[in-house]
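Let me begin by presenting the structure, written as structure tokens, before commenting on it.
Every chain is numbered from 1, with letters handed out A, B, ... down the list of sequences.
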2 protein chains.
Amino acid sequence: MKIGELSRKTGASIRSLRYYESQGLISPLRESNGYREYSPLAEEQVRTIRFYLQLGLTTEQIAGFLHCVLSRPEAFCTEVLPVYESKLADIEAQIAQLTRIRDNLVDRISSFRDESEHGEGESKRDERSERSGF
Amino acid sequence: MKIGELSRKTGASIRSLRYYESQGLISPLRESNGYREYSPLAEEQVRTIRFYLQLGLTTEQIAGFLHCVLSRPEAFCTEVLPVYESKLADIEAQIAQLTRIRDNLVDRISSFRDESEHGEGESKRDERSERSGF
DNA sequence: CTTGACCCTGACATTAATGGCAGGGTGTAT
DNA sequence: ATACACCCTGCCATTAATGTCAGGGTCAAG
């Protein structure tokens, strides 16, 4: 199968398929005219790559275990676990950070609501709330 | 005060101070030799800018209301609320997305744990778990 | 007058995957 | 042969704030 067909079947753009190849994730044969020739298995392979990308893994990380997960159940590939654990730690840190920011925003938004509730021009409390959450 | 001193006082790098200026966030005077001359109020101003940046707002968004929050309590600046609300929506979407990925990772990690618990080479259940969370 | 600490502008690099173009070759059908 | 669909490589752009050069002024103290 040629690259256009694989692109249609998998939803990955042609550009992306070439990129995956440049990152060592997939290695199609070449026809005499230079065209890439993909085996039927490439379809599953590309879907697998895209799945891991959606998990937020990098092409480099995926390259580290792709050969394994393509040939046996993921749960038997020992290379995968540390990648998952490290990614999980990243994500939980990101979530924690975003949650702090969200809480801060919610506070600040509710201070607007408070202001508009009891009389616009009446700055009773807070002689400058002074970015207090900082 | 010159840029080096302001940098020391605020923790913003000289590079960043120049960048804030290029984005219209702060406009120091120039001495005859071309050096930037900052007023003492610049210190508070830079801290304010950095605070909003830490909330994840862009320099462009900050530029839209900075003149207001510098001159009165934030809660009276009507330009600020929509920016907060839009940023909050972004962040909640990001948190939701990250949470989905996290849950998926947690599942996959626990499938490794399950495997190692009851006999390594014994693939009893799951004839390929087949990236089921996808 | 030289040293050293400061300042200036302008430009390129960073990150990671993807989009998009230019310039060109291939292959098939009319 | 000409049109058209497809393929190739190589390159630049994207995002946003910041780091980091290079190449050059300014100015005070020695």
**Report entry** Listed partners of A:E5 passing salt bridge (Lys or Arg N to Asp or Glu O under 4.0 Å), at least two apart
**Finding:** A:K9
Query raised in the report: Hey, where on DNA chain C does chain B first and last touch, going 5' to 3'? Cut-off is any atom under 4.0 Å from a heavy atom.
Result: C:dC6 to C:dA11
Query raised in the report: Pairs counted as Watson-Crick or G-U wobble with both distances under 3.5 Å: what dot-bracket string results for DNA chain D, using | for bases tied to another strand?
Result: ||||||||||||||..||||||||||||||
Query raised in the report: According to the disulfide bond (SG atoms under 2.5 Å apart) rule, which pairs have a member within residues 4-36 of chain B, sequence neighbours left out?
Result: none
Query raised in the report: If you look only at pairs with a residue in residues 26-83 of chain B, which of them pass as a disulfide bond (SG atoms under 2.5 Å apart), with sequence neighbours excluded?
Result: B:C68-B:C77
Report task. Tell me which residues in residues 7-31 of chain A put a heavy atom below 4.0 Å from DNA chain D, sorted by number, or none. Result -> A:I14, A:R18, A:R30
Query raised in the report: Where along residues 82-92 of chain B does a heavy atom fall under 4.0 Å from DNA chain D?
Result: none
Can you pull the salt bridge (charged side-chain N to carboxylate O under 4.0 Å, His left out) pairs that have at least one residue in [range], sequence neighbours excluded?
range: residues 53-71 of chain B; result: none
range: residues 85-105 of chain A; result: A:E85-B:R113
range: residues 23-32 of chain A; result: A:E21-A:R30

Query raised in the report: Between B:F76 and A:F112, does the ring centre distance come in under 6.0 Å?
Result: no
Requested in this report: Say whether A:Y35 and A:Y19 are linked into one hydrophobic cluster, either directly or through other cluster members, by side-chain heavy-atom distances under 4.5 angstrom.
Outcome: no
**Report entry** side-chain contact (heavy atoms from CB on, under 4.5 Å) partners for B:S7, two or more places apart
**Finding:** B:I14, B:L17
Report task. Report the relative orientation of the aromatic rings in A:F65 and A:Y84; use parallel for angles under 30°, tilted for 30 to 60°, perpendicular for over 60°. Result -> perpendicular
Requested in this report: Answer yes or no: is there a donor N or O on one side and an acceptor on the other, between the side chain of B:S16 and the main chain of B:A12, under 3.5 Å?
Outcome: no
Report task. Sticking with atom C1', work out how far C:dT15 lies from D:dT9, rounded to a whole angstrom. Result -> 24 Å
Query raised in the report: In whole Å, what separates the P atom of C:dC12 from that of D:dC12?
Result: 11 Å
List every contact pair, protein side and nucleotides 24-27 of chain D side both N or O, where the distance is under 3.5 Å.
from, atom 1, to, atom 2, distance (Å)
D:dG25, N2, B:Y35, OH, 2.8
D:dT26, O4', B:Y35, OH, 3.2
D:dC27, OP1, B:N33, ND2, 3.2

Report summary line: Atom CD of A:E5 and atom P of D:dC7 are separated, to the nearest Å, by 9 Å
Query raised in the report: Whole-Å distance between D:dA17 P and B:Q54 CD?
Result: 13 Å
Query raised in the report: Is the shortest side-chain N to carboxylate O distance from A:R108 to B:E74 below 4.0 Å?
Result: yes
